[in-house]
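Here is the structure we will look at, set down as structure tokens.
None of the values given here were measured: they were computed from a predicted structure.
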Amino acid sequence: MSARKCAECGEVHLAGANGAIYCCGTLLRAVQMSNMFKDSKYFVDMASRYSPDRILADWQLFCSCKKNENSVKHLTNFVENHFEPPGTELEAWCPPDWRCEPAFLAQVKDPELKKFASELNKMWKSLGRHIKDCVRSNPLQYSLVYVPNPFIVPGGRFNEFYYWDTYWIVRGLLYNGMAQTARGMIDNLLYIVSQYKFVPNGGRIYYWGRSQPPLLVPMVKSYVEMTNDRKYAVQVLPILEMEIDNFLSNHAVQVKGRTMYQYRDKSNGPRPESFREDVASASGFATNTEKEEHYSHLKAACESGMDFSSRWFVSDCGNNVGTLANIKTTWIVPVDLNCILFRNCKTLAEFNSWMGNTDRAENYRMIAGNLIKAITAVLWNEERGVWFDYDLKNKVPRDYFVATNLSPLWARAYPINNADKITESLMRYIEENKLDSFPGGVPHTLSNTGEQWDYPNVWPPMMHVLIEGLNNLGTPQAKELSQRWRDRWVRSNYEAYKKTGFMYEKYNCEVFGSGGSGEYVNQTGFGWTNGVLIELLAKYGQELTAKDPADAAGCVCPEDDDKSTGKPIVDEECPITSEAYLAQKLEKSQAACATPVNAECNGNGGNTGNAGNAANAQETETGCSVMCCRTVYEEEEEPALIESFATSEQECQCGEEPIKPDPVAKAQTPCPPQTPPQAPCPPKAQPQVQCPPKAQPQAQCPTSTVNVATATAETRASIAICPVCHEVCDKQEKREKPPIFSLASAAECADPCKASEPKPIEIEMEDVDCLLDLTPSQLEEATAACPCDTEVVNDGCAEAQARSAEDGQDCGESPSVAPDCSVGPAPPNPMLRKVFPLADSTTGNCFDAKPQEANNDDDDHCICCRAKADARAENQKECN
């Protein structure tokens, strides 16, 4: 099933008629520009009390009264009478595969860090969310995008899923032994791609015009590596290809005769969730065309996930000095995006090879080959010895430090036969920028502009990219620096948690153990921070310590001076990445290596990209003169099965006291020992005023008793137990049903400490397929022949209450919130409301919520048409 296109613009939209409220229109503009809420995201996350048609009709009446003009008081009353506070559509959820003592804790040697890891594990419960049934039944009353499985949210003001956050959350869950929850979150994204061909920036309809860094393929790859479930990758391969093919076709740009890719957005106007801020930043532009171009640059930066940063600033003289008025994201070819797409194509080629699809595998290898050539020819700077973003407008590389400059190491998008040469140049680059001198981690940039993705903020996903990237490079110097940054990052996060009891979205590079600042108040939770730390603790827990130990005395092995004699990195031949290099050079390298491998090396002297493998030319512990045989840069080893991080069978110690903030540590100014002196730091930006939290009352799920004989056709179809409906369903049984989308929420968490494995529960798609395919005429015929004349009770809320009661039995600190199920009309079937409509449907438009009434003349329902109508109304107002 795929989404219906807008009849006006041909684009695919997430929204229905609710887009006229949450995505554009005069109501949105009036509320956001009134400064009614300090956070612009608050209004567009509110739930509607009534249908979009009624709210818009009431709004027209409100605007027709001159007494309401420019009255914030009356506007506030209107909003309070028509909307519920944000969060009422979600309920707390305890993952059924959560365990109070996951097996990865056994990998953590240090007692303090083990207790810290246990506290991180508990946070998954507080971040679990499940979308209430009322969103599925009445999707047009919410901006939230419905997904079938529960999920882990980032935290704070971000109470929905976000695309690239999910990647680090999923990896953390996998290392935590929570493969069922991770699988459910991946299936949610696949569910969306199967309908819209892309994953939106986040789980709200106002994100319809943009995505984020495409990390769904790496998520599936991580799941397959941890579970060894290749069948899953083969099963979802068509959906993965759909997303990547769509992304490649919509983000391509020609650079020096090569096809590369950049971040973009396809919507118009200011961001609904930051409407007032965008209008203010565009106030310096004279024409609407210039303002629209500015909005496009802003939203393209949001697609990168790095909003905002001097990385996207291009001043009149071409440098990165300026403000948001200088943002030019679509002028820039980013290093990280092209490397991610390179790795995605390599992975898709691998998945196709498993299926025997040699032609498709070869096609993705060709795309990857062209990309690695372009990355090397355009983004690699031979003089500086590092990768840089490229400025399309000024046709120059952007020689400014950004953490993503090193992302090719993380994505393995570099010629490995030049690993020594790359190491030498990168170590020099890191030293020049004093990146190893910051006690709180490596800042995203070195420009202090006050933007949150600039100095002094350190972001957990970027630290993961740097740590794993240097480790992948595999040379002794790179692995040593990776270990140093890894240890410093874990200790800094632990120190901040001891002081405050919180995990933060971002941190301050200047202060050891301190949260960062930026566009909004630093958020706590925090999904990707916890995911990165759990992965590091699970993989390197035997080496990590809570305190920085004194340097141990011992022999220091000399560096290997043998430099690569491979072809220059700028050679036009396709640079060799790990798979190709292994295939071409392994046999030759083994034959040339006549020196026997030392027994203490266990034959693992190759320079691999996996954590724990021996470094190139690794020394033995007993003597500096004994060297391991230097072999080829090996491909990734067979991943460990999920059982290595499976649920612990040990008796739980749930009574342990959580880590309390250390008042002594809080009073002291932390100073890491033996830290190189820092360069003078740029002035800090002024912190923002924090907004008080707002209460979030529960949503109401109506139930009723409905007489089938007198009910409307739409209501009767939604009951889904009529014999006529069963007959229609039987006719659809031969259709191929989506094999994915297991519903993790059905498994309850009655005993979180129970060691038995949770039973996977799958969502049934038969009724969905059946009801989705009913046209209005078929529906009338089916209901006309319906013999039912008895009352049928909609028990949707009874099920919700039962689930809530079970969830609340013993879920630690995060009991489920039971919905308030008051009596009301039976909710219509969500699929008949076309929340995820078919692309081949030609009736109605992209915001039409009534499939039985094709209203092509009503332009108010579509984003595109409404934007035009608003423009006409504005012009008429100016003329008057």
Side-chain angles (χ1 to χ4, degrees), residues 3 12-16 18-19 21-23 39-48 84 86-93 127-170 173 181-182 184-216 219 243 265 267 271-274 299 302-303 305 307 505 523 525-528 531 696 699 741 743-745 763 830 835-836:
V12 176
H13 300 308
L14 285 171
N18 49 357
I21 295 174
Y22 296 111
C23 300
D39 188 347
S40 295
K41 191 176 186 296
Y42 190 90
F43 172 68
V44 290
D45 288 356
M46 298 179 80
S48 302
E84 297 280 359
T88 56
E89 68 273 44
L90 294 162
E91 58 187 357
W93 171 74
L127 296 173
R129 298 291 184 273
H130 182 269
I131 299 178
K132 292 181 180 179
D133 290 337
C134 46
V135 178
R136 183 169 60 88
S137 302
N138 301 288
L140 298 178
Q141 292 183 212
Y142 305 90
S143 66
L144 190 69
V145 177
Y146 176 79
V147 289
N149 297 320
F151 48 89
I152 302 295
V153 298
R157 71 198 284 263
F158 304 113
N159 218 11
E160 55 277 316
F161 77 81
Y162 281 83
Y163 186 4
W164 80 322
D165 292 62
T166 303
Y167 171 76
W168 283 278
I169 292 173
V170 162
L173 290 170
T181 300
M185 293 182 67
I186 297 173
D187 282 351
N188 282 343
L189 303 186
L190 294 166
Y191 175 77
I192 293 176
V193 173
S194 67
Q195 298 166 85
Y196 304 109
K197 297 185 179 180
F198 85 115
V199 180
N201 183 137
R204 298 281 177 177
I205 63 171
Y206 48 74
Y207 292 132
W208 70 270
R210 63 180 184 268
S211 184
Q212 274 191 333
L215 293 172
L216 180 54
M219 287 184 220
E243 187 217 9
D265 177 271
S267 64
R271 293 172 294 157
E273 76 279 10
S274 298
K299 290 178 285 189
C302 292
E303 184 174 69
D307 47 317
E505 177 192 26
Q523 303 299 296
F526 197 85
W528 65 15
Q696 299 182 357
F741 319 133
L743 183 58
S745 64
I763 185 172
V835 64
F836 298 125

(request) Take Trp164 and Trp528, measure what side-chain contact (heavy atoms from CB on, under 4.5 Å) needs, and give me the verdict at the end. (result) CA-CA 9 Å; Trp164 80 322; Trp528 65 15; 3.6 Å; yes
(request) Answer yes or no: is there a side-chain heavy-atom contact under 4.5 Å between Phe151 and Asn188? (result) yes
(request) Would you check, one step at a time, whether the test side-chain contact (heavy atoms from CB on, under 4.5 Å) holds for Lys132 with Glu89? (result) CA-CA 6 Å; Lys132 292 181 180 179; Glu89 68 273 44; 5.6 Å; no
(message) If we ignore hydrogens and angles and just use 3.5 Å, is the side chain of Tyr163 paired with the main-chain N or O of Leu216 as donor and acceptor?
(response) yes
(request) Give the C-alpha distance, both sets of side-chain angles, the deciding distance and a yes or no for ring-ring contact (aromatic ring centres under 6.0 Å, His included) between Tyr207 and Tyr162. (result) CA-CA 10 Å; Tyr207 292 132; Tyr162 281 83; 5.7 Å; yes
(request) Might you point out which heavy atoms bring Leu14 and Val145 nearest each other, and give the distance in Å? (result) CD1-CG2, 4.2 Å
(message) Could you tell me if the side chain of Tyr142 sits less than 4.5 Å from the side chain of Ile131, heavy atoms only?
(response) no
(request) Please tell me if the side chains of Pro154 and Glu505 come closer than 4.5 Å, counting only heavy atoms from C-beta onward. (result) no
(request) Determine, for Arg204 against Glu160, whether the closest basic-nitrogen to carboxylate-oxygen distance falls under 4.0 angstrom. (result) yes
(message) Can a donor-acceptor pair be found, under 3.5 Å and without considering hydrogens, that links the side chain of Ser211 to the backbone of Val199?
(response) yes
(request) Kindly write out the residues that satisfy side-chain contact (heavy atoms from CB on, under 4.5 Å) with Asp265, not counting sequence neighbours, or none if the list is empty. (result) Arg210, Ser267, Lys299
(request) Name all residues meeting the side-chain hydrogen bond (donor to acceptor under 3.5 Å, both in side chains) criterion together with Gln141; count only those two or more places apart in sequence or in a different chain, and write none if there are none. (result) none
(request) Would you mind reporting whether Ile192 and Glu243 have side-chain heavy atoms less than 4.5 Å apart? (result) no
(message) Quick one, Met219 and Leu189 - any side-chain contact, counting heavy atoms below 4.5 Å?
(response) yes
(request) For residues Phe198 and Pro200, determine if any side-chain heavy atom of one lies less than 4.5 Å from a side-chain heavy atom of the other. (result) yes
(message) Using a 3.5 Å distance criterion without hydrogens, assess whether the side chain of Tyr22 forms a donor-acceptor pair with backbone atoms of Phe43.
(response) no
(message) Hydrogens and angles aside, do Tyr206 and Asn201 bring a side-chain donor and acceptor to less than 3.5 Å of each other?
(response) no
(message) With rounding to the nearest 0.5 angstrom, report the CG to CD1 distance, Asn18 to Ile205.
(response) 3.5 Å
(request) Please answer whether the main-chain N or O of Ala47 pairs with a side-chain N or O of Glu84 as donor and acceptor at a distance below 3.5 Å. (result) no
(request) Report yes if some heavy atom in the side chain of Lys41 is under 4.5 Å from a heavy atom in the side chain of Arg157; otherwise report no. (result) yes
(request) I would like to know whether Tyr146 and Tyr191 meet side-chain contact (heavy atoms from CB on, under 4.5 Å); could you show each step before the answer? (result) CA-CA 10 Å; Tyr146 176 79; Tyr191 175 77; 4.2 Å; yes
